[in-house]
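The next block holds one structure in the form of structure tokens; read it before the comments.
Any value given below was found using the heavy atoms of this structure, including those in side chains, with hydrogens, waters and symmetry copies removed. A note on names: the letters A, B, ... follow the listed sequences, proteins ahead of strands, and every chain is numbered from 1. What you are looking at is a predicted structure, and each value in this text was computed from that prediction instead of being measured.
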Amino acid sequence: MRLSRKFFSQDVLKVAPALLGMDLVHQFPDKTVNRYTILETEAYRGETDLACHASKGKTKRTLIMYEPGGCVYMYLIYGMYWMLNFVTGKLNEPQAVLIRGIKGFNGPGKLTRALTLNGSLNGADLEHDDQLWVENTGISPAYTTGPRIGVAYAGEEWAGKPWRFLVKGAYSK
DNA sequence: GTAACGATCCTC
DNA sequence: AGGATCGTTACA
């Protein structure tokens with residue numbers, strides 16, 4: 001069953017771990033559908049989170065994160081990799097979940113390249129979009145937490161938060 | 001206007 | 001250990 005805006009409007013610290021084990025569903029224009037189990041996520045939570053892009057306040061780029069949960073937030077990093085994020089929280093609560101790993105592709109840049117996702121998806125509505133959505137599988141795998149990747153610049157307080165969620169054994173098999 | 005910097009990945 | 005590569009942001 002497709003996840004609703006209501007689900008994504010919960011706090012990011014609840015949504016990020018809940019997404020583990022669910023299916024990322026991708027549909028091509030010719031209706032070919034592929035499903036990928038979500039194995040790894042990271043939470044970015046509000047303007048006070050110095051690792052979150054919204055810590056700089058509202059800009060053209062971060063505006064989407066201030067919307068109610070359920071939108072797609074895509075952005076380009078290092079000039080070559082698109083990152084796939086889901087906006088969470090309520091209106092004016094800038095939060096997002098970075099989809100960091102799915103079955104078959106470990107790494108946020110690799111999975112978007114594999115699914116040919118790019119900036120044209122920015123702002124898409126996960127409840128109604130016909131290219132990308134998430135389905136509940138009823139599976140809640142055991143997971144571990146750890147500090148987020150690549151955010152050392154945010155300082156010890158924020159870089160050290162255990163806001164990375166990883167399915168146990170995701171990389172061992 | 002200009003300059004610096006990444007929520008990364010691949011190849012030495 | 002270092003390079004690719006460019007939109008976004010900060011600053012003058």
Whole Å only: how far is the [atom1] atom of [X] from the [atom2] atom of [N]?
| X | N | atom1 | atom2 | answer |
| --- | --- | --- | --- | --- |
| A/L63 | C/dG7 | CG | P | 20 Å |
| A/L98 | B/dT8 | CG | P | 7 Å |
| A/K56 | C/dT8 | NZ | P | 14 Å |
| A/R113 | C/dA4 | CZ | P | 17 Å |
| A/Y78 | B/dT8 | OH | C1' | 6 Å |
| A/W82 | C/dT8 | CH2 | C1' | 11 Å |
| A/I77 | C/dG7 | CD1 | C1' | 9 Å |
| A/K58 | C/dT9 | NZ | C1' | 18 Å |

Complement of C/dT5, any strand, by Watson-Crick or G-U distances under 3.5 angstrom
none

Check every strand shown and say whether [X] touches a base, only sugar-phosphate, or nothing at a heavy-atom separation below 4.0 Å.
| X | answer |
| --- | --- |
| A/G79 | base |
| A/R61 | sugar-phosphate |
| A/I149 | sugar-phosphate |
| A/M83 | sugar-phosphate |

Please test A/Q95 against A/Y44 for side chain to side chain contact (heavy atoms under 4.5 Å, CB included), starting from the C-alpha separation and ending with a verdict.
CA-CA 6 Å; A/Q95 308 181 342; A/Y44 290 86; over 6 Å; no

Any side-chain N or O of [X] less than 4.0 Å from the OP1 or OP2 oxygen of [N]?
| X | N | result |
| --- | --- | --- |
| A/H53 | B/dA7 | yes |
| A/R148 | B/dT8 | no |
| A/R164 | B/dA7 | no |
| A/Y81 | B/dG6 | no |
| A/T59 | C/dT8 | no |

Counting only side-chain heavy atoms from C-beta out, which of [options] sits nearest to [X]?
| X | options | value |
| --- | --- | --- |
| A/Y73 | B/dA7, C/dT5, B/dC9 | B/dA7 |
| A/L76 | C/dT9, C/dG7, B/dA7 | C/dG7 |
| A/M80 | C/dT5, B/dA7, C/dT9 | C/dT5 |

Taking A/T41 for its side chain and A/A16 for its backbone only, find out whether a donor-acceptor pair lies under 3.5 Å.
yes

Side-chain donor or acceptor of A/Q27 paired with backbone N/O of A/D130 under 3.5 Å:
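Checked: pair present.
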
Check for me: is A/Y44 stacked on B/dA7 by the 5.5 Å centroid and 30° plane-angle rule?
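So A/Y44 counts as stacking on the base.
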
Please tell me whether A/H26 and A/Y36 form a close aromatic pair, meaning their ring centres lie under 6.0 Å apart.
no

Do A/D49 and A/K161 meet the salt-bridge criterion of a basic N to acidic O distance under 4.0 Å?
no

Both conditions, 6.0 Å and 45 degrees, for the charged tip of A/R113 above the ring of A/Y81: are they met here?
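Pair A/R113/A/Y81 does not count as cation-pi.
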
